[in-house]
Structure formats: structure tokens, C-alpha cells
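Residue numbers begin at 1 in each chain, while the letters A, B, ... track the order of the sequences.
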Amino acid sequence: MISIQKPNAAGSGDLPHDDDPPFDLPEAPKAARQDDKNSPSISARAVAAARGQPTYLDGLNPEQRDAVETTEGPLLVLAGAGTGKTRVLTTRIAHILATGRAYPSQILAVTFTNKAAREMRERIGTLIGGTLEGMQWLGTFHSIGVKILRRHVELVGLKPGFTILDDDDQVRLLKQVLEANGVDKDRWPARQLANQIDGWKNRGLTPDKVPEGEAYNFAAGKGALLYAAYQARLKDLNACDFGDLLLECIRLFRDHPDVLADYHRRFRYILVDEYQDTNVAQYLWLRLLAKGSPNICCVGDDDQSIYGWRGAEVDNILRFEKDFPGAKVIRLERNYRSTANILAAASGLIAKNDGRLGKTLFTDGAAGSKVTVANFWDDEAEARAIGESIERLKRKNERLNDMAVLVRASSQMRAIEDRFITLGLPYRVIGGPRFYERQEIKDAIAYLDVVANPANDLKFERIVNVPKRALGDTTVKRVHELARARAIPLYQAAREIVETDELTPRARKSLFDLTRSFERWRANLEHMRHTDLAEQILDESGYTAMWQADKSPQSQTRLENLKELVRFMHDFDTLQGFLEHVSLVMDAEQGSDGDRVSLMTLHGAKGLEFGIVFLPGWEEGLFPHQRSMDESGKAGLEEERRLAYVGITRAKRLAKISFAQNRRTHGLYQSALPSRFVDELPVATVEVVESETPFGGRPDPFGYGGGFGQSRFDRPGSSEPFRSTYNTPGWQRAQQSWSSGSKQDKKKRSRGPLTLEGELVAASTANAPSFKTGSRVRHEKFGDGTVTNVDGNKLTIEFDDGEIKRVVASFVDLI
DNA sequence: TATCGCGTCCTTTTT
DNA sequence: GGACGCGATA
């Protein structure tokens, strides 16, 4: 019995449980293994059922069941969209546990996101009845990577309590590296180098392994050298970036076979979610770990591989059978999510891709409605139509929660959001800047980090002059020089430099005060609750005051976010524990209150499902995106097509595709061609719809739309001249500046289908503040303004930037 | 040192 | 259209 090297004390919160159960526990019951390959007979199941056993297998279809019960040997589960992938994965784990094949701590289960890990944990818990305990190796690639590294810190050349750099830190550090190596940081931006290095790390390349040709991509051949210098700096700082969490593990496993052997003994079963998204480093990591046990089960869908641009290798999944000889492949093709028409549309589209493993989704369900395709004059008309369509559906008792608008690029969101705001349609944006990525949260965390860990130079640099305290570049540079010369952390250098007269008196005083504050806070670390300390730090540093003094409309939200942060810290026992969580789990559940339409990118929609899905912006250049095609050619186009496939398959009942003839891009009004994907949809599954609003554009008979004639969605004969001037761009521009009550506005409202106004008035008068002409109000997005007209629950507001907008009252606050 | 105005660039994004 | 970064200026 070999015991795993004791984890290092610092930063290992999970220490007490870490080594149990011991590895030499009695073998799991052998009898249970006999039915591995063949499903138990009906009578055997009846017997089992009588003993009250595997209810978790109920309701699985034969393929799913096969995937659950084939526990031994390599297994690839090709799970099409909506075929019960997560169910198989979680049931499989429950099965392994229930049949005593392994203890929870002997199962390695990897996901990509914390959310997926969390969900899996919960669902397994439900299956086995209760909370899942002891599955310490269920997590993301990165969180498991850190866990392994923390247990063997000294072997990888790090010290206990090493820090994990976030994006900002990484770029800040690279800037220094560039400067130190005399690289012109205008010509060679740090951001670009960061991407380059991430790319190398994704492919498992250490500085010495970077192909010579590629090393020349950056700064005239200095690429690999800068990469090496960056790694050296990381070691100095006792830090690593996300890529290192895997690379260092790989190095550890290769250099220390004994350590790897320990993990081999430990992990009897390995499960991997979303295998099509793994990159080379993750693949190598898995390969090394899987050498100990053939029981590796990867679940994925080559048709949903949409992260090639960040290093995912579809090839990993395509190659699975070669990599793991004797592998069994199970296809899950029975779809439980979408109607037959939606499935057929998606399948027809994805069939245009080469190099697939190939699956044919089917359903026993109804044919359902055809996928609709509509064409609009421009992006604003498209947004208007979506808004009206949603209102109409809502009146038919559809829940907003069950609808989503999926866009290719976030720049498409603005037009749609604007429309929703005007209509008063509640919506939520998914995947916007997340909580921990917000400036104020990062700043606050930087303060806390420096208190807990004075050697964290990058965080110190982040907040040294935030709020402004007269410590500009020149001062920081001096501190840097001293730190470098003496090989000490910046913070210590700051403390020493204030003892000299190297700085201007003003800077010296200011820096002295700052270091003294940090000393004070650090002294309080011992005897104060970390939440109280956080409040003290935010107050005394002047950080809260900085936002209180800020007059921008978002400052209030920022202050609330800070409060939320402190509230969230209560969930942790120590500051250290909190910081550890934050560095890895940049993720906080956002409130999902109320009935709201979801708005997100197609990438963000992966794994989700909605009854009704709107897919706007299907235009050449936007979708497929030009850049994707320019940079990656056919592979890029195929990835875009997979993205389209992902989009359509999110829909359960209704998928509504649309494209605009004109779109505002980069501030320019440009004409666009329908996406080739539109014409690739199988004709039988599609219904071309007339624009659903009076304003929807038709191909322009006077020649403007000349370029659109090829599409089979242009029906000669049905074209009419503009029925009015409403669909001209000029009209729309004019419309923006109208105040309420104008003739056209009334006309517009009465023409269209009834709006939700009645309902909204009813809903919002309950606790509506009383707005009147002249009221000063604040809008989350548009800022402050003055009410110039009140019309029921709709306000016309002249914002301070001169914009006049009509907004539903519930979107603004009195100030 | 802080701030303003100008030029540049524009997918997707998790850890 | 708008975010960001830089250089000139107060």
C-alpha cells in the first residue's frame, strides 16, 4: 500500500478527506461484474426490482442503458443533441457506485465548466437519493489540475499557496516581460502574445517545444524566448496561469512515474464530458491518467464542436477508437427534445459537413411546426419582429422563460435589447460580463489578495493607484526597479522605498500611507471576521468612496456588487478559502427571478434548451462569420455550420430563423446576403413566412435588393412596392427621435397586433413610483434624464446625452 | 499626474 | 457605434 504524498498544508482545505478511503479496501463485489456486457434478463431485473435496487435504470432506452452498464473498457458515447447525455453520464456514475464497483473517491469525472460539474453532482445525488459525498475528483479539468498540483507542490517547482493568474494578471505580466526584453509593445501587443502562449499551452507545448516556424510569428523570432521568460517570471512570482494547471500536471506525471502510479491506483473509472471540446493538453493529461485503467468513458458530439478557435481538437473524438484500442462506441440518436421538423432541419444542415462520425437523430414525437425563415429589411425591423412575435406568443400563454434569442455575435444584442426595453419585455442576458469579471469586483479582490498574500505583485500593481492617489507610472516604475534589483516583491519594495528620498514627497507620503494601511489590515487578519475586514478595507482604502463620488449611471450597481461580494464571502470560513475559490471558479449564479426572455450568443446556448428559439442574423459574413472563414477556411466554415446546428437543436417546439437585407455593422449601414445556411436547410422542413410585422421588408422591386434574387425565399410575384415608407432606414431613424403621442406613433401601435400594454400597466402600477413630467430618473443603461411625457406606464425621457427615448417605467428609478 | 481627444480595432470565451 | 490605448496638454 503506497500512500499518496501528503498534501501540503497550505491551501489544502480538503486535507482531512483526501486519503480516504484507503486504496486497499476489499475488492468491489465481483458478482456485479458478470452482467457488464449483457443487459440482465427481464427476470433478473424483476428480481433486482423486488429487492428494491436499480430504480435509476428505469426509463433508459436500450442504448442509454448499454452506455450506463458498459462499465469496463474504453467507451465512447456519441450523444447527439438532446439525447440524454447528462442523464447517461450521471446514471453511469450512480451505477458504478451502487454496484460497488468503486468508491466515490475512485472515480475521476471531468467537465469543462463549473456549472456542468455542479449539475452533475446534484443529479447524481438525486439518483442515489441524498447528497453525493466523497466525490472529490468530480470537477473541471482545471480544478482537478490545481488539486493535483497542490498535493505535489514542491515537485513542480512551486511553493505552497501559489496563485493562479487571471486574464488581466497574465497580460500585465506579459507587458513587463515585453518591456524587459526590449520589444516594442505597440507593434507586438501583450494581448496577442498572451493568446499565442495560451495557444501553445493548449497544444501542450512548453517553450522548448515550440515549433521553430511559429516562434517567428511573434516579435521577429522572439516568441519562444518571451514564452520562456514569462514562465520564469511566473516561477519567481510563485504563480501559474490556467494553461499551466494542466501542463505542470503533465510534466509532473512524466517526471515522476511514482506519483502517476498512485493516481493510476486511485482512479478506477474515468469519465469525460464534452469530449469534443478537449484540447491537446487535456488529451495528453487524460491519456496519462487513463494508462492505469482501461475504464475511460468519454461522452461527446462531434457535431457540437464549436470551440476550435480556443484550441479544441475535434480530432480527439474522431480518433478515439485508435487511441483506445478495443473501444466500444455507442450512439445515442433518439432525441427527446425537439419535434421531427426541427430535428430534420438541423440534421439536413449538418449533413453538409465532411469529416463527421455520423449520427442520425430521430424522434418518436410529433412532426411539429416547420422551422420558419423570415427576411427583414434591416436589423431593427428584425428586432421589432422578434419583439412582437414574443408578445404574441406570450398572449398565447407561452412563458418568456421558455424563449430565447440566440445571436452569433454580441454586437447583435444591442438592437434587440433596445427593442425589449422599449416594449417593456423582461429579458436577461446570459453570458455577459460575469460577476467576477467586473472591474469593481476585480479591484476589491485585488485588495484582499494583497492583504492575504503580500507577494502578489500583479494584484498590488492593479490597485496601487486605485482610487487615484497620485502614484503614477513614474512612481510605480521606481518601485519596480528597486524590487527587481533586490529580487523582492513589489509590496516590500514599496515599504522600503518610502524610507528613502527617491520619490517625490507627495508620492512618498501617499505610498507610505498605503503600505501602512496594508499593515493594519494584515494585522487584523488574525482576529477579525474576514467579511468585516473586507468592509474595513473597502472603506479605508477609499475604494467605496471612489464609486460613491462617481456620477456615472453604473456606479450604484457597482456599489451593490461590492455589497454582494461581501455577502458572498460569508459562505467561506476564511479569506484564504474565499480567494482560492475565486481564482478558479469565476462564476456566481445570477438571479433567475421572474419570467424573462433569454438573450445570448450561440456559444453560450450550448447545453441549454428552450421551447421557442429565435435565430436572427443569418447573413453571409455574420453567420458564417467572415473572419472564421478567412482564418480557418473550410474548417472554419464547418465549425460555423456546427454552430448553426447547435442553434437549431436548442429548440423544442419552434425555431425561427431570420436574416436582414441591411445591417448596421461597425457603425455602417451595409447590405447583406442571406446566409448560405438558410439555403442548406432541407426545403421540406422549412416554412418561409411573410414578415410578421407591417414593417417587415420584402425584396426591393426597384433594384435595391438586386443581390438577393437568388434565394429561393424570394418569391417572384409576391413582391410589392413598399406599402409605406415605414421600412426605409430614414423612417426608422426618424422614429427614434419621436416623442410619444405623435400621429405616426399611434398609428404604428394600432396597426400591429395588440401589444402587452394592458398587462404591463396592470403589472407595474402595483408598486409604481409616481413619475411626472419633469421627474429626474435614472436608467441602468441609458443614464440619467428628465421625463418629458407620461403615457400610462410608458415614459418619454430626454436623457442627458440628448437622446430621447420611450421607456417602460419599470426600467427606470426616480433620483 | 490626470485628463481629454483622437485614431484604431472590431467573433465566439472557459478556466 | 463604442471601447480602448496612446500622446498631447493643463
Side-chain angles (χ1 to χ4, degrees), chain A residues 110-117 139-146 164-167 169-171 175 185-186 189-192 195 198 201-202 240-247 273-274 277-279 281-282 305-312 379 406-415 418 430-434 436-437 439 465 467-477 503-504 506-507 510 581-587 600-607 617 621-632 636 639-640 642-644 646-647 663-670 801 803:
Chain A
V110 240
T111 63
F112 274 85
T113 63
N114 291 300
K115 189 169 159 239
T140 61
F141 278 100
H142 293 90
S143 67
I144 291 170
V146 190
I164 300 159
L165 263 54
D166 66 18
D167 227 44
D169 296 338
Q170 195 189 11
V171 171
K175 275 191 185 140
K185 59 181 182 340
D186 293 334
R191 179 83 263 163
Q192 194 187 325
N195 289 334
D198 282 346
K201 288 187 173 178
N202 285 156
C240 59
D241 62 21
F242 284 117
D244 288 335
L245 297 180
L246 292 166
L247 277 194
D273 191 17
E274 306 276 21
D277 286 338
T278 49
N279 60 36
Q282 287 155 341
S305 162
I306 55 173
Y307 285 110
W309 49 274
R310 66 178 195 212
D379 48 336
L406 311 182
V407 297
R408 173 68 242 272
S410 26
S411 59
Q412 288 170 260
M413 288 188 184
R414 214 191 55 245
D418 269 4
I430 294 182
R434 283 182 308 285
Y436 287 111
E437 276 164 30
Q439 187 192 341
N465 199 30
K468 298 261 185 320
R469 42 173 85 89
L471 298 170
D473 289 349
T474 19
T475 313
V476 174
K477 208 171 198 162
L503 302 178
T504 60
R506 193 152 87 108
S510 179
H581 170 87
V582 164
S583 67
L584 213 54
V585 188
M586 301 294 266
D587 187 16
M600 69 191 96
T601 63
L602 286 160
H603 284 92
K606 195 168 132 193
L622 177 62
F623 191 37
H625 202 280
Q626 194 58 47
R627 191 146 165 188
S628 181
M629 295 186 288
D630 290 348
E631 283 173 9
S632 319
E639 183 155 311
E640 296 283 306
R642 290 193 290 267
L643 202 47
V646 167
R663 182 170 298 271
R664 200 177 282 280
T665 354
H666 316 322
L668 284 171
Y669 201 74
Q670 284 179 314
D801 59 6
E803 284 279 315

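With rounding to whole Å, A:Arg191 atom CZ is found 13 Å from C:dC4 atom C1'. Summarising the geometry, the separation between NE2 on A:His666 and P on B:dT11 is reported as 6 Å, rounded to the nearest angstrom. Rounded to an integer number of Å, the gap from A:Arg663 CZ to B:dT11 P is 14 Å. Between the NZ atom of A:Lys201 and the C1' atom of B:dT13 there is a distance of 18 Å, rounded to whole Å. Atom CZ in A:Arg664 sits roughly 8 Å away from atom C1' in C:dG1 (whole-Å rounding). If you measure from atom CD of A:Glu639 to atom P of B:dT11, you get 16 Å, rounded to the nearest angstrom. Separating the CG atom of A:Leu165 from the P atom of B:dT15 is a distance of 17 Å, rounded to the nearest angstrom. Taking atom CG on A:Asp273 and atom C1' on B:dT15, their separation rounds to 15 Å, with Å as the unit.
Using a 4.5 Å cut-off on side-chain heavy atoms (C-beta onward), A:Ile164 and A:Leu584 make contact. Here the side chains of A:Lys477 and A:Asp473 are not in contact, with every heavy-atom distance at 4.5 Å or above.
Classified by interplanar angle (parallel below 30°, tilted 30° to 60°, perpendicular above 60°), the ring pair A:His603/A:Tyr307 is tilted.
The 5' end of DNA chain B is approached more closely, in terms of each residue's nearest nucleotide, by A:Ser632 than by the other of A:Ser632 and A:Phe112. Mapping A:Ala470 and A:Ser628 onto DNA chain B via the closest heavy atom, the residue that lands nearer the 5' end is A:Ala470.
The residue A:Ser410 sits close only to the backbone: its heavy atoms come under 4.0 Å of sugar-phosphate atoms, none of a base. Base engagement by A:Glu640 is indicated by at least one non-hydrogen atom pair under 4.0 Å involving a base atom. Contact annotation for A:Glu631: base contact, defined as any heavy-atom pair under 4.0 Å involving a base atom.
Nearest to the side-chain atoms of A:Asn465 among the listed nucleotides B:dT12, B:dT14, B:dA2 stands B:dA2. Considering only the side chain of A:His603, B:dT12 comes nearest among B:dT12, B:dT15, B:dT11. The side chain of A:Ala409 sits closest to B:dT12 out of B:dT12, B:dT13, B:dT15. For A:Lys468, the listed nucleotide lying nearest its side chain is B:dT3; candidates were B:dT12, B:dT3, B:dC10. Checking B:dT11, B:dT12, B:dT15 against every side-chain atom of A:Thr601, the shortest atom distance belongs to B:dT12. The side chain of A:Leu584 lies closest to B:dT15 when the candidates are B:dA2, B:dT13, B:dT15.
When all heavy atoms are compared, the tightest approach of A:Arg469 to A:Ser510 is O-OG, 2.6 Å.
Residue ring and base: A:His142 does not count as stacked with B:dT14 (centre distance below 5.5 Å and interplanar angle below 30° not both satisfied). We find that the ring of A:His625 and the base of B:dT11 stack, their centres lying under 5.5 angstrom apart and their planes tilted less than 30°. Per the stacking criterion (ring centres < 5.5 Å, plane angle < 30°), A:Trp309 stacks onto the base of B:dT12.
If you check distances only, the side chain of A:Arg408 does reach the base of B:dT12 with a donor-acceptor pair under 3.5 Å.
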Could you please spell out the steps behind the side-chain contact (heavy atoms from CB on, under 4.5 Å) verdict for A:Gln170 and A:Asp198? CA-CA 10 Å; A:Gln170 195 189 11; A:Asp198 282 346; 3.2 Å; yes
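Of the side-chain N and O atoms in A:Asn114, one or more sit less than 4.0 angstrom from OP1 or OP2 of B:dT15.
Using modelled atom types, one side-chain atom of A:Glu640 and one backbone atom of A:His625 make a donor-acceptor pair closer than 3.5 Å.
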